[in-house]
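Below, read A as the first sequence line, B as the second, and so on, with proteins coming before strands; counting in each chain starts at 1.
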Amino acid sequence: MAVEVKKQTQFTMVQALRSALFEEMERDENVVCLGEDIGPRGGVFLVTEGLIDRFGKDRVIDTPLAEAGIIGAALGMALRGLKPVAEIQFIDFLYPGFDNLVSEVAKMRYRSAGQFGASMVVRSPYGGGVRGGGYHSQSPEAYYVATPGLKVVVPSNPYDAKGLLISSIRDPDPVVFMEPKKIYRAVKSELPEGPYEVPLGKAAVSRAGKHVSVITFGAMVPVAWEAADKMKADGVEVEVVDMRTLQPYDTDAIMQTVAKTGHVVVLQEAPRIGGYGGEIAAFVAEQAIEYIEGPIMRVAGHDTPFPYALEKAYMPTSDRVCRAIKKTLNF
Amino acid sequence: MAVEVKKQTQFTMVQALRSALFEEMERDENVVCLGEDIGPRGGVFLVTEGLIDRFGKDRVIDTPLAEAGIIGAALGMALRGLKPVAEIQFIDFLYPGFDNLVSEVAKMRYRSAGQFGASMVVRSPYGGGVRGGGYHSQSPEAYYVATPGLKVVVPSNPYDAKGLLISSIRDPDPVVFMEPKKIYRAVKSELPEGPYEVPLGKAAVSRAGKHVSVITFGAMVPVAWEAADKMKADGVEVEVVDMRTLQPYDTDAIMQTVAKTGHVVVLQEAPRIGGYGGEIAAFVAEQAIEYIEGPIMRVAGHDTPFPYALEKAYMPTSDRVCRAIKKTLNF
Amino acid sequence: MEIKPFTGKTIKCIEYDGKPAVDLTSLGIGPERYFEMYRWLVFTRAVDDRGYILVRQGRAGFYAQTAGQEASQVGSALPLQPQDWMYGDHRSQGSQLVKGLSTAEWFAHILGKSLDPTAGRSMPGHIGRNSLHIVPPSSTVGNQITEAVGTAMAQRIKKTDEVTICYFGDGATSEGDFHVGMNFAAVYGSPCILFCQNNQYAISVRLEEQTHTKTIAEKAHAYGMDGYLVDGNDVLAVYAVTKHCVDRARRGDGPALIEAYTYRYGPHSSADDDTRYRPKGELEMWRRERDPVTRFRNFLESQKLWDADKEAELLAEIKAQVAAAMEEAEKSPVPEPLSVFDHVYEKLTPHLEWERKELAAEMAAGAQG
Amino acid sequence: MEIKPFTGKTIKCIEYDGKPAVDLTSLGIGPERYFEMYRWLVFTRAVDDRGYILVRQGRAGFYAQTAGQEASQVGSALPLQPQDWMYGDHRSQGSQLVKGLSTAEWFAHILGKSLDPTAGRSMPGHIGRNSLHIVPPSSTVGNQITEAVGTAMAQRIKKTDEVTICYFGDGATSEGDFHVGMNFAAVYGSPCILFCQNNQYAISVRLEEQTHTKTIAEKAHAYGMDGYLVDGNDVLAVYAVTKHCVDRARRGDGPALIEAYTYRYGPHSSADDDTRYRPKGELEMWRRERDPVTRFRNFLESQKLWDADKEAELLAEIKAQVAAAMEEAEKSPVPEPLSVFDHVYEKLTPHLEWERKELAAEMAAGAQG
Ligand SMILES: Cc1ncc(C[n+]2csc(CCOP(=O)(O)OP(=O)(O)O)c2C)c(N)n1
Ligand SMILES: Cc1ncc(C[n+]2csc(CCOP(=O)(O)OP(=O)(O)O)c2C)c(N)n1
Ligand SMILES: [Mg+2]
Ligand SMILES: [Mg+2]
């Protein structure tokens, strides 16, 4: 099976992720991958395609069907000096290993008072828009953000995907790395040759603007852009902030954009109640209230489980974002 | 073993909960309890003490040590017409059953389009202040609030505890019922004889005031009161709102108190980031921004795992609440 | 024919060529029941083939074929009675149809139409029907095993004469919920049949990589439960073993684990590419030599109960029935967008009411603008 | 003495009265090793007794006594080498001490003092020491079994000569993680010893209510793994069986499950009231007839290796050692409040820095006001 990462300049997100894994495994023999169907099958989204041919069964480990085993074993490996990159087939299926992640992975450093770290990555596709129904579409970042000890990273484009994954693998702390499957193959980007890092904890101004800030991440970044394009017709310049790392998050970037625009819309796919958008809104309402000139709007998935046939009625649209922008601007 | 619920007027929260279970099991033979050590041991906090003598092993079910079994089996029982009240020994130990709860219990009604409901209660002690360390002290309400399909209820006193538990058992939807173990036996209250309901979804103005609203729940209600007492010396009248039901939450009550005071402090034991307080703050910042006259403050546990020896440095104190009150008032 | 757990041999009633492998009189069933079985085998295959076309047409987001496993599903569902409960997985449509599921509703489910009793809420393969005691399968592999056991516990507590059957795959046995469910079932002596369709693959992972035992059935040892290994492509054997276990459970003699050794013909699902992991020739061998439908027809023919005319008649009848069901499904409207808020809770919460109004306003604006 | 899995009999070396039950020469150990074993048994009991006093004085929030289970813990830890890894549970302090844990650090841990290598982060019974390869036990019953197996997988992948031992109780075998860990261990042939201290209770729940098998050891059948049942109050037998399994694992012959049948003397923990569930006379019988310390002393005496003088000397020496350790622990300061923010991540995040400043300001204000 030919590995399609070399000598290539245009990369989809899947290819970018694959090349990050490939190069990190070349660089450091302690990096191993484990997960369901990641071997000859190459993972159900083919992110790990070809890895087993290059690195063998000891470093590309097809596991039994048990997420508790994947996450638990990854931690045990990390403690013994490997750098595991665990794949959870869909993040909706992480829950059988939820205890291992939130009770053990997240807290090992703290409860050992720094003696043992858990340098590992849990990669998993998340999000809707692929006709996947309730269990192949969810965006559960709120759970992981609410768990001290974990870092949560979500790329929105191939360049960031590769750089953030490399940074995550090299990071001394455990990272939940959520991959927006809807845009796995949506665009191709030019990537530099060889490994590079995109720093964790730093947001990006994905698009500059001055009237209103849309703060978002992952597969919602293109939706924010779409809304920004639409608002331009009305003379409204939208700034799109891509959080990239949800936890620990970039408070400076939020302060700067809010100071600039005075109007905030937070945008997420997940249900509104208890979601990550609430964290951003609450942060702004506590730390930056003096800049605020209108309601802090939240655009989100509905407060329902994720539906199948009615997916379109569920997912946040650019029109919904535009309505929210108008509401806060016309306050 | 004598059951200590009859002919009693002064009840601790533990006794109030026990009397709710007792009376509901008397009323409806479909109500069953299940959990670890809830039989002859009476539960580790003795909430189920005496139940097995009265109702026998088929209705008071000591289970093997497996939370996935407790929650999964409870759902299966609910589908077949029982009304299970599952006890999780400490809510920190729910996670082996987390998948069963968030993937199945929460979504069964939705994904069956209303054909199958999951009328059941998962009771569990939560929270710190008992020298329990990291795994006998946590306040994980954020996870359950962020899960559409679940209701989340937290009482703050014996009267509400009994009435809310009875309402939860009678509710057609699944309820995560979090019991503040720190105040399990802190106060005794007069309770009416026999069963009564305290409605779900309704907050209570626990203490009326006009200058600032402290919005909180559970074991933090007494802390809010302590802060209110302290602020009185400065002539500040604090309104304490006890959410009681965290999801679905009482938006009217929040609007009313915010309209009245214009200043909000949300108070929770859990870490700040991604916590429930963020939801309340974000709701206010979107829906009630016109009333707001100062930053919306969050007082919370630190963004660390829950510590053991340094518990005192961790838990929110009334002094911390007072500092936040002053900050928003002096804005 | 004696049915015993843990014999180390696969229980079989008919040979691959259709000849009886044991004395079948002890099964106590005659031609009518045989015809019923055969009809269900053929019907399940026909419905499955028709369903898969919908995916190839891009009209469904996902589909897990059941072809190859018909004998496991039909044989295990036939011994059930209406009062019994069924938990399936993503690959148990055959059992659901035998339990009474309407074919039109099944197609409507694949298409996400209103006629689907689960109203298009889930991807194909997750249908349920309360009146038939069919619980909608979950997507999370294995997590309904504890539920099924809970239902069986309730059936015992309520002193009913019901049993519960729970289907899952070989891969599912690696999940913690399998263990927890088996243990609960055994501890409480619940009337639960834990039915494993061992099709030898969990997506790409072969049983040898999934676990270190040769069979699934022997895992029952760890729970003090009986474990039966049956040829899952032999509808009579599956029927006999399941009936044995159902009867025992109904009598109050507790749960059982059944492993039906079988093989799937399709890729794992419409999203899979099975050429990446299947050894060459394996699929062809199973299709050619062990097909559960052909095998049972060979049996019927060897017993002089079947011929080409009967076959043609049956196929024509089933073809018409499938076509009629599909037509009914097609006619059904797609669910109304605002219904997305229904059934999160029994009643709309204030938040959901507000969101519903917002969406209605958006839709109105969209219709105008 | 032959050590075999699944014999249906409990492996034993010495009788309750101390007489050898088998020919002990094949163990290949002499008086020095016996004395070492005995010393550890007595020492573990002494440390445990001293620790429990701290709870009764209200100086610790929780404590799980190990008394009664010393032979299981000491016997299974002695075959380990420094490079081996250990995962304990809330009741394995004996094993940790044998692995090298300092007694002063253990007492500091109970008291939540700075000398505790885990800096008072967890309730008593959750200590760890990186330099000794002792991972801090988790509180969630069973969830470290998968971790331990992961460590053993890494040991194999990295081609080390190390093994990992993982301790858990009878109750833990009901959790999904037991199953998942056992399966992973077997599939990958990991050098992992899964050591179950079956003290017959999980808090109040007896083994008969916990599972439907007679023993824990036989559960290994479900994983194609060897399962050994050993008398957990017989330090020699525990030693022999564990050594056998450790040697096999080190040679690359894969994992094993060991069940040590034992009994705990104390309540489940300092928060428990065991009179609510223990049948009358049971505890007294175990203490009187099966005590692991007395039994081994009887053995030594029967071999003319021990006498009252030696006993008195040993007790005095241990008493002094325990007292010195406690004194050292007492002297250690409590952790500094602002250290509550350390080690959430390798570096303080901006949020944590901000919270740290807030707390410092609060403390300053508190000191003033
Ligand atoms: C907990 C969980 N992990 C992963 C998946 C993705 N997945 C769906 S089906 C499947 C394989 C199931 O194999 P098996 O149990 O043998 O059933 P089969 O598909 O062969 O019928 C996997 C890995 C899932 N649905 N749930
Ligand atoms: C997942 C989980 N559920 C419940 C508890 C509470 N708990 C602590 S120890 C224990 C019993 C453990 O029994 P066993 O495994 O036999 O160990 P033993 O205490 O007997 O040594 C329980 C129920 C827990 N710590 N973790
Ligand atoms: Mg399979
Ligand atoms: Mg025990």
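- D/Asn183 touches chain C through its side chain: at least one heavy atom from C-beta onward sits under 4.5 Å away, while N, CA, C and O do not.
- Using a 4.5 Å cut-off between heavy atoms, D/Thr215 makes no contact with chain C at all.
- Centroid-to-centroid, the aromatic rings of C/His90 and C/Phe62 stay 6.0 Å apart or farther.
- Checked against salt bridge (charged side-chain N to carboxylate O under 4.0 Å, His left out), D/Arg250 has the following partners two or more places apart in sequence or in another chain: D/Asp84.
- In terms of non-hydrogen atom pairs under 4.5 Å with chain C, the most contact-rich of D/Gly227, D/Gly224, D/Ala220 is D/Gly224.
- Using a cutoff of 4.0 Å between basic side-chain nitrogens and carboxylate oxygens, C/Arg290 and C/Asp231 are not scored as salt-bridged.
- Of the listed residues C/Ala222, C/Gly189, C/Gly181, the one with more heavy-atom pairs under 4.5 angstrom with chain D than any other is C/Ala222.
- When the heavy atoms of residues 134-152 of chain C are compared with those of chain D, none of the residues falls under 4.5 Å.
- Residue contact with chain D, scored on non-hydrogen atoms closer than 4.5 Å, involves the side chain of C/Phe178 exclusively.
- By the 30° and 60° cut-offs, the orientation of the rings of D/Tyr277 relative to D/Tyr201 is tilted.
- Contact check for D/Glu218 versus C/His221: no side-chain heavy atoms found under the 4.5 Å cut-off.
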Quick one: do C/Glu162 and C/Arg156 satisfy salt bridge (Lys or Arg N to Asp or Glu O under 4.0 Å)? Show the steps, please. CA-CA 8 Å; C/Glu162 308 164 13; C/Arg156 197 192 56 72; over 6 Å; no
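- With hydrogens and angles disregarded, a donor-acceptor distance shorter than 3.5 Å links the side chain of C/Arg264 to the backbone of C/Gly266.
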With salt bridge (Lys or Arg N to Asp or Glu O under 4.0 Å) as the test, would you mind laying out the steps for C/Lys4 and C/Asp226 before giving the verdict? CA-CA 9 Å; C/Lys4 280 193 172 170; C/Asp226 284 346; over 6 Å; no
